Each structure stands twice: as C-alpha cells, then as structure tokens.
> 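A single structure is presented below for examination.
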Amino acid sequence: MAIQIKTLDQLKTMRKAGLLVRSTLELVKANIKAGITTSALDAIAEANIKRGGGTSNFKGYHGYPATICVSVNDEIVHGIPGDRMIMPGDIVSVDCGAVIDGWHGDAAFSVIVDPKDEARQKMLDVCEESMWVGIAAGAAGAKLSDIGHAIEKYTNAQGNYGILREYGGHGIGTSMHMEPHILNYGKPGHGPTIEAGMVFAIEPMITMGTHKTKILDDKWTVVTTDKSHGSHFENSYCIAPDGKPFVLTEVDGGKANLARFGIEVSELLS
Ligand code: MF3
Ligand code: CO
C-alpha cells in the first residue's frame, strides 16, 4: 500500500477537521484544573466536536469508549476518561481527533496543573519542541526516517529522557491511522521520499525515566513500567501542492514555529 496523496481540495477539508481538533483541545485545556474529572473533559470535547459539525474518530475506534484520551502522570497515552479527578501537580495529556466530510484530524498536548516543577516542565517543553523539530525535518524531499532521527537526536541532546518505542506517528487522511508508521527515533535517510499531498501526524512521547511501557487491564492506558511521568504532543501537517508544509491542526498553520527553522508554510491553505 502506498501513502495516500491528497488534492488541494481534500487538504482544505482536512484543514477544517484540523481546526476543529485545535478548538476542541483549546477548550479542554481551558477547563483543566484541580477537581475536574477526566470524563467531564471528555464531555466538553464531545460537545465541541458536535457543535463544529464533526464526528469523533476515537469513539468506537477498535472499541475505544470516549472522544478524547486523557493520560495523567505515568500514563503516557490512551488514558480513558472516567471518574479520575485532576489533582494539583498532575501532568495531563489530552489527545483528540475529529472527522469532517470523511477527512480526519489528530492532535495532542500535555500540560502541568499548578504547582509546576522545573524538571517536568522542561520534559514537556522538550517533547513539544521535538514535535516541531520532527515536522521541520519532514519537508518535501526528505526521507521519512529523517523525522524520527531528528526527534531522537534533539531529545537526547536535551537530557536523559525515555522515548517510547512501541508508539509513533502515522499517515492520516480518509482514516485516522494510515501508512506510514513514523518512528520517533532511528537512522536518517531511509523510507519513502516525502512529497506534496502527504499528511502525517507527528507525535513524540517521552518520559522522565524509562521508554518501557505496559498496558493497564482496561486494555488501553499506556503507562511507564517505572512509573515515571511523561508527555505527548501531536500535530497533523501536510505538504501542500506548492511543496511547502502546513500544519493543519495549528491556527497559524505552524507559521511561527516553523519560521524558527527557516521554513515558510504554504499560503494555499490559509
Ligand atoms: N490519536 C491517537 C494517535 O495519536 C490514537 C488514539 S486511539 C483511540 O494516534 F482509540 F483512542 F482513539
Ligand atoms: Co495520532
């Protein structure tokens, strides 16, 4: 199977899905505070996606029961919303996706509830920046594995973090998870050449300790085996028909962050 190539019109629809994902994440973020339950956050997300004319791609995905994933502290990804109450000092990672007219968006962020501490905040910042480093490395003409290599190299230069091995980024389009799988580590110069019309979700997941994880009895929640805390950031970006990237799940298309790498984003999707 080949990587799905999108037309400009299809990318424009994916942009709508991406913006709905972003507005949902922003709304959830604004509601994260000590005392709120993770299921309350899920209800906020569900209502926003409905209001925006989209549907959830998470709900029902291999039986997944909710609209978002809320992963706390040593939970890195795929935490199921429920009665758990957010507490002071928690790291909260929220992953959300939405579909509009059959086209998918997918993004995630992590945040620390006050009181924050410097070491864990730096870990979140490194994870977020590694996502941008990965997107910057995934320009047209690059090889797919250049993305993961750049993420790993940057992360390892910042400190002793665990980079999850069993989970990674992915192609996205008419399904949430499509070819190719995108590792967050590895050697550069391998895999397919990145071309116009491709859309990738880039999602580094790192921890304060081990890269090793296990899945809880709920069959979803991914936790570190050493209970170290972690974080997860994700954006979906495309290479537009003009060969320039555009981050579908960021309000500014990634313009400000990619400018730091000397990369111009496409004007075709604004
Ligand atoms: N959005 C996640 C990812 O980034 C996948 C969530 S799986 C689900 O790839 F079942 F929770 F939807
Ligand atoms: Co994803």
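Remember, predicted model here, so these are calculated numbers, not experimental data.
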> Between H170 and F200, is there a side-chain heavy-atom distance shorter than 4.5 Å?
no
> Does any pair with a residue in residues 77-91 pass salt bridge (charged side-chain N to carboxylate O under 4.0 Å, His left out), and if so which ones, sequence neighbours excluded?
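For residues 77-91, and leaving out neighbouring residues, the salt bridge (charged side-chain N to carboxylate O under 4.0 Å, His left out) pairs sorted by first residue read E75-R84.
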> How close do P245 and L258 get, counting heavy atoms only, and between which atoms?
CG-CD1, 4.2 Å
> Answer yes if V265 and V247 sit in the same cluster of Ile, Leu, Val, Met, Phe, Trp and Tyr residues linked by side chain heavy atoms under 4.5 Å apart, and no otherwise.
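Yes, same cluster.
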> Are any of the side-chain nitrogens in E195 or K143 under 4.0 Å away from the carboxylate oxygens of its partner?
no
> Flag yes if I135 and M198 sit in one hydrophobic cluster, no otherwise; membership is Ile, Leu, Val, Met, Phe, Trp, Tyr, and two members link when side-chain heavy atoms are under 4.5 Å apart.
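Yes, because I135 and M198 connect within a single hydrophobic cluster, where side-chain heavy atoms sit under 4.5 Å apart.
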> May I ask you to check whether over 12 heavy atoms, not counting those of K116, lie within 6.0 Å of atom NZ?
yes
> With heavy-atom distances below 4.5 Å as the criterion, would you say the side chains of I112 and Q121 are in contact?
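Yes, side chains in contact.
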> Can you give the donor-acceptor pairs under 3.5 Å from side chains of residues 176-187 to other protein atoms, not counting sequence neighbours?
from, atom 1, to, atom 2, distance (Å)
H177, ND1, Y61, OH, 2.5
H181, ND1, G169, O, 3.4
N184, ND2, E203, O, 3.1

> Any luck finding a side-chain donor-acceptor pair between S110 and S93 under 3.5 Å?
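Looking only at side-chain atoms, S93 and S110 do form a donor-acceptor pair, the distance falling under 3.5 Å.
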> Measure the CD1-CG distance between I68 and L25 for me, rounded to the nearest 0.5 Å.
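One gets 8.0 Å once the value is rounded to the nearest 0.5 Å.
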> Verify the neighbour count for atom CG of D114: are there more than 12 heavy atoms of other residues, nucleotides or ligands below 6.0 Å?
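Count over threshold, so yes.
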> With side chains defined as the heavy atoms from C-beta onward, is the minimum distance between E26 and R22 less than 4.5 Å?
yes
> Please report the shortest heavy-atom distance between F233 and L124, naming the atom on each side.
CE1-O, 3.3 Å
> Would you please indicate if the ring centroids of W220 and Y64 are separated by under 6.0 Å?
yes
> Determine whether F246 and I194 fall in the same hydrophobic cluster, where Ile, Leu, Val, Met, Phe, Trp and Tyr are linked whenever their side-chain heavy atoms lie under 4.5 Å apart.
yes
> Using modelled atom types and a 3.5 Å cut-off, is there a donor and acceptor pairing between side-chain atoms of S71 and backbone atoms of G79?
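Yes.
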> For N73 and G89, which heavy atoms make the closest approach, and how far apart are they?
OD1-O, 4.3 Å
> Between Q10 and K12, is there a side-chain donor-acceptor contact under 3.5 Å, judged purely by atom types and distance?
no
> Side chains of T221 and H78: closer than 4.5 Å at any heavy-atom pair?
no
> Between E129 and R260, is a side chain to side chain contact (heavy atoms under 4.5 Å, CB included) present by the stated rule, with each step listed?
CA-CA 11 Å; E129 182 65 1; R260 298 188 290 109; 2.8 Å; yes
> Strictly below 4.0 Å, N to O, side chains only: are D117 and R120 in salt-bridge contact?
yes
> When you measure from the side chain of K122 to the backbone N and O of Q158, does any donor-acceptor pair fall under 3.5 Å?
yes
> Less than 4.5 Å apart, side chain to side chain, heavy atoms only: is that true for L248 and Y237?
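The answer is no, as the side chains (C-beta and beyond) never meet within the 4.5 Å cut-off.
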> Looking at A137 and I147, what are the two nearest heavy atoms and their distance?
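Minimum heavy-atom separation between A137 and I147: CB-CA, 4.2 Å.
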> Can you tell which of I172, V21, V199, V99 makes a side chain to side chain contact (heavy atoms under 4.5 Å, CB included) with D106?
I172
> Checking S228 against D74: is there a side-chain donor and acceptor pair closer than 3.5 Å?
no
> Counting C-beta onward and ignoring hydrogens, is there a side-chain heavy-atom pair between I86 and V92 closer than 4.5 Å?
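The answer is yes, as the side chains (C-beta and beyond) meet within the 4.5 Å cut-off.
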> Heavy-atom count check: over 12 atoms from other residues, nucleotides or ligands less than 6.0 Å from K227 NZ?
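For K227, atom NZ is not crowded (no more than 12 foreign heavy atoms under 6.0 Å).
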> How far does CG of L20 sit from CG of N48, to the nearest 0.5 angstrom?
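Result: 6.0 Å between the selected atoms.
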> Is T210 reaching over with its side chain to a backbone N or O of D226, donor-acceptor style, under 3.5 angstrom?
no
> How close do N235 and A107 get, counting heavy atoms only, and between which atoms?
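Heavy atoms only, the tightest pair is OD1-CB, 4.2 Å.
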> Any side-chain heavy-atom pair from K244 and I239 closer than 4.5 angstrom?
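No - every pair of side-chain heavy atoms lies 4.5 Å or more apart.
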> Provide the closest heavy-atom pair for D146 versus A142 in the form atom of the first, atom of the second, distance.
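In this case the closest contact between D146 and A142 is OD2-CB, 3.6 Å.
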> Charged N to carboxylate O below 4.0 Å: is that the case for E46 and K59?
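Result for this pair is yes, salt bridge flagged.
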> Once rounded to the nearest 0.5 Å, what's the spacing between atom CD1 of I206 and atom CG of L164?
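CG of L164 is found 10.0 Å from CD1 of I206.
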> Any non-hydrogen side-chain atom of D242 less than 4.5 Å from a side-chain atom of S266?
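The answer is yes, as the side chains (C-beta and beyond) meet within the 4.5 Å cut-off.
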> Is V77 linked to M208 within one hydrophobic cluster, defined over Ile, Leu, Val, Met, Phe, Trp and Tyr using a side-chain heavy-atom separation of less than 4.5 Å?
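They do not share one cluster, since no chain of ILVMFWY contacts under 4.5 Å joins V77 to M208.
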> Would T174 and H104 satisfy side chain to side chain contact (heavy atoms under 4.5 Å, CB included), going step by step from the backbone distance to the final call?
CA-CA 6 Å; T174 48; H104 291 242; 5.6 Å; no
> Do V222 and I202 sit in one hydrophobic cluster, given that two such residues count as connected whenever their side-chain heavy atoms are within less than 4.5 Å of each other, even indirectly?
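In one cluster: no.
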> Please determine whether side chain to side chain contact (heavy atoms under 4.5 Å, CB included) holds for the pair I36 and N31, giving the CA-CA distance in whole Å, both sets of side-chain angles, and the decisive distance to 0.1 Å.
CA-CA 8 Å; I36 193 163; N31 280 278; 4.3 Å; yes
> Between D42 and V28, is the side chain to side chain contact (heavy atoms under 4.5 Å, CB included) condition met? List the steps.
CA-CA 8 Å; D42 190 68; V28 169; over 6 Å; no
> Take atom CD in E166; do more than 12 heavy atoms of anything else shown fall under 6.0 Å from it?
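Enclosed: over 12 neighbouring heavy atoms sit under 6.0 Å from CD of E166.
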> Look only at the side chain of N57 and the backbone of G105, and say whether a donor-acceptor pair between them is shorter than 3.5 Å.
yes
